[in-house]
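Chain letters run A, B, ... following the sequence lines, proteins first, then strands; residues in each count from 1. Here the structure is a predicted model, which is why all the values come from computation and not from measurement.
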Amino acid sequence: MKQLKRIKGTQDILPEESYKWTALEQAIRRVMLLYNFYELRTPVFEQTELFARGIGQLTDIVSKEMYTFLDRSKKQLTLKPEMTAPIIRAYLENKLYAKTPLNKIYYIAPLFRQENPQAGRLRQFHQFGAETLGSAGSEADVEMIDLALAVYERLGIKNLKLLINSVGDSTCRIPYKKTLQEYIKPNLDKYCADCQRRFHENPIRILDCKNETCIQLNQQAPKISECLCDDCQTHFDQVKLQLRQLNIPFKEDPCLVRGLDYYTRTVFEITSDALGAQNSICGGGRYDLLAEELGGMPTPAVGFAAGIERTLMAAEKQNIQLGQPPRLDVFIVSLGDEAKKHTLFWLKSLRAKGVHAEQDFLGRSVKAQMREANRQNARFVLLLGENELKEKVFSVKIMDQSKQVEISFNDIIDFLVKQIIDN
RNA sequence: GUGGGUGUAGCUCAGUUAUGGUUAGAGCACCAGAUUGUGGCUCUGGGGGUCGUGGGUUCAAGUCCCAUCACCCACCCCA
């Protein structure tokens, strides 16, 4: 029989790893709560149209990376490749704007994109992120950046770079596109094939090209930050001012445009050099036009999305311990058939008092049971044999001290609870 | 979609090259004993491998040839 294997680009998160995920998620939830963001969970799949309209038909995500399929009633569905569009859909559908004028939302979710896997890139991957819906103010942008950095700060991840830019809004972006096209046009044939294609569809993304010659050609290109309309300029200046007031270091990157079409004004990216080729750990920005695009009322909004796997990789590289591998409090070692009949009762009693307790289930020798207790890093071993049964006591081995004492059946629970809670 | 790399024990890897040759090795992990009711350290022993898969060359293939699959890394794009 052929062994079944997991899908390419997916991962099993094994018990020896999963506690790190739990710790990371707890840290995220803690910081989100401090900043007064609340969790919103959406389904793993949506109508395909949501993403086509939200993210933009021309993006790689929509044009070639989505897991799209027909269900039995021939509806076209897609496994969510990003979270912003679903959040906006849920916001509009549930009329959250009617409950309160400002909604601060966060999420932790699996996402799906059919890309070729490599380091820091999977087909099922996980993101955490946040969205502030309803505020057009620069304070919301700055809080968002501060929030993302606060999560990394709490985790202890260092050496991150914050890049920011403004991509303008509907007033200034169209004239800028023309200015940019006029700059590029004389040299268009020298640009790479991708950029030549982008020239008509989305010239702004030519600035983001990683091709060496394109980078050279772009050196003297007009920057969007030099062509902002007054409102966008004021907004961007405010963002920078407020970042400085919070002592948040940043670098202005005029070429930062981000891949999703819905961004307006502020965009930002957090990178880590601990990661390899996929060095972007977090990306976000303002998207004031998305809610309307999805058929809702105009809603100013700003958010970010951060990669959980990439965050874990960065933590790993910097030797940061996320959480503690669980340590067993008590292991019950039994000797003889009579003793075995009593261990489950004691286990249940200990667990009922909040003691992390285990016993042998394989009929192993005392020696092997002790080895197992040691392997699981147990703090106490309770030995139960014929002598103990007769005397109504446990031999209690305190593993760290290699010391052994006798405690009566009557006192054992209190003794252990006290020992364990005191430490 | 394109390019490069790697597949040998549960894990990490030697062995593969101009040189094919007996029972395919190590470390870690696992099991047992030394200590017949006691972990970690030490010592002794043990179990475990269709050498990714299929075909070919040969007296003989982990090693040479062909095909194929899987995984990794990178480009592109993105978290």
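Residue-to-nucleotide contacts include no donor-acceptor pair under 3.5 Å from the side chain of A/Glu269 to the base of B/A79. The base of B/G37 has none of its N or O atoms less than 3.5 Å from a complementary donor or acceptor on the side chain of A/Ser365. For a distance-only test at 3.5 Å, the side chain of A/Lys397 qualifies as a donor-acceptor partner of the base of B/G39. The base of B/C78 lies close enough to the side chain of A/Arg310 for a donor and an acceptor atom to sit less than 3.5 Å apart. Side chain A/Gln404 to base B/U38: a donor-acceptor pair is found below 3.5 Å. Judged by atom type and distance alone, A/Glu388 reaches the base of B/G37 through a side-chain donor-acceptor pair under 3.5 Å.
Pairing for B/G20 is absent, judged as Watson-Crick or G-U wobble with the two contacts each under 3.5 Å. Checking B/C51 for Watson-Crick or G-U wobble geometry (two distances, each under 3.5 Å) identifies no partner in any strand. Searching all strands for a Watson-Crick or G-U wobble partner of B/C75 with both distances below 3.5 Å returns B/G1. A 3.5 Å limit on both hydrogen-bonding distances identifies B/U6 as the Watson-Crick or G-U partner of B/A70. Judged by Watson-Crick or G-U wobble contacts below 3.5 Å, the nucleotide B/U38 has no partner.
Distance A/Gln11 CD to B/C71 C1': 13 Å, rounded to the nearest Å. Remark: P of B/A79 and CD of A/Gln114 are 18 Å apart, rounded to the nearest angstrom. The distance from atom CZ of A/Phe51 to atom P of B/C78 is 17 Å, rounded to the nearest whole Å. In this entry the distance linking CG of A/Leu122 with P of B/A79 reads 14 Å, nearest Å. Between A/Leu111 atom CG and B/C78 atom C1' the separation is 12 Å, expressed in whole Å. Whole-Å rounding puts the A/Glu115 CD to B/C72 P distance at 14 Å. Between the CZ atom of A/Arg364 and the P atom of B/A32 there is a distance of 8 Å, given to the nearest Å. Atoms CZ (A/Phe268) and P (B/C78) sit 16 Å apart, rounded to a whole Å.
Other residues, nucleotides and ligands place no more than 12 heavy atoms under 6.0 Å from the CD atom of A/Gln321. The neighbour count for A/Gln181 CD, taken as heavy atoms of other residues, nucleotides or ligands under 6.0 Å away, is above 12. Under a cut-off of 6.0 angstrom, the local environment of CZ in A/Arg30 is sparse, with at most 12 non-hydrogen atoms contributed by other residues, nucleotides or ligands.
A/Glu309 comes within 4.0 angstrom of nothing in the nucleic acid, heavy atoms only. Residue contacts for A/Thr311: at a heavy-atom cut-off of 4.0 Å it reaches no nucleic acid atom on any strand shown.
Under the 6.0 Å cut-off for aromatic ring centres, A/Phe394 and A/Phe409 qualify, their centroids lying closer than that.
Contact annotation: A/Lys367 does not reach the phosphate of B/G37 (side-chain N/O to OP1 or OP2, under 4.0 Å). Between A/Gln118 and B/A74 there is a side-chain N or O to OP1 or OP2 distance below 4.0 Å. A sub-4.0 Å separation between OP1 or OP2 of B/A74 and a side-chain N or O of A/Arg121 is absent. A/Arg375 has a side-chain polar atom (N or O) that falls below the 4.0 Å cut-off from OP1 or OP2 of B/C31.
Side-chain proximity of A/Ala119 to B/C71, B/C75, B/C73: nearest is B/C73. Comparing B/A79, B/A32, B/U38 by their closest approach to the side chain of A/Ala368 singles out B/A32. Comparing atom distances between the A/Arg371 side chain and each of B/G39, B/A74, B/A32 picks out B/A32 as nearest. Minimum atom distance to the side chain of A/Lys8 is reached by B/C71, of the listed B/G37, B/A79, B/C71. Checking B/G40, B/A79, B/G37 against the side-chain heavy atoms of A/Asn374 singles out B/G40 as nearest.
Atom C1' of B/U16 sits at a distance of 33 Å from the matching atom of B/C31, rounded to the whole Å. Taking atom P in both B/G25 and B/G49, one finds a spacing of 14 Å when rounded to whole Å. Using atom P as the reference point in both B/G48 and B/G56, the two lie 30 Å apart (nearest Å). Comparing the C1' positions of B/G45 and B/A67 gives an interatomic distance of 45 Å, to the nearest angstrom. B/A9 sits 14 Å from B/G62 when the C1' atoms are compared, rounded to a whole Å. Distance check on atom P: B/G21 versus B/G27 gives 23 Å, rounded to whole Å.
With A/Tyr106 as the aromatic partner, A/Lys104 does not meet the cation-pi criteria of under 6.0 angstrom to the ring centre and within 45 degrees of the ring axis.
At a threshold of 4.0 Å, the pair A/Glu182-A/Lys185 does not count as salt-bridged, since none of the basic side-chain nitrogens sits closer than that to a carboxylate oxygen. Under 4.0 Å is where a charged nitrogen must lie from a carboxylate oxygen, and between A/Arg173 and A/Asp288 no such pair does.
Between the A/Thr22 side chain and the A/Ser18 main chain, a donor and an acceptor come within less than 3.5 Å of each other.
Place A/Leu383 and A/Gly120 on RNA chain B by their nearest nucleotides, and A/Leu383 ends up nearer the 5' end. If you find the closest nucleotide of RNA chain B to A/Ala305 and to A/Gly9, the one lying nearer the 5' end belongs to A/Gly9.
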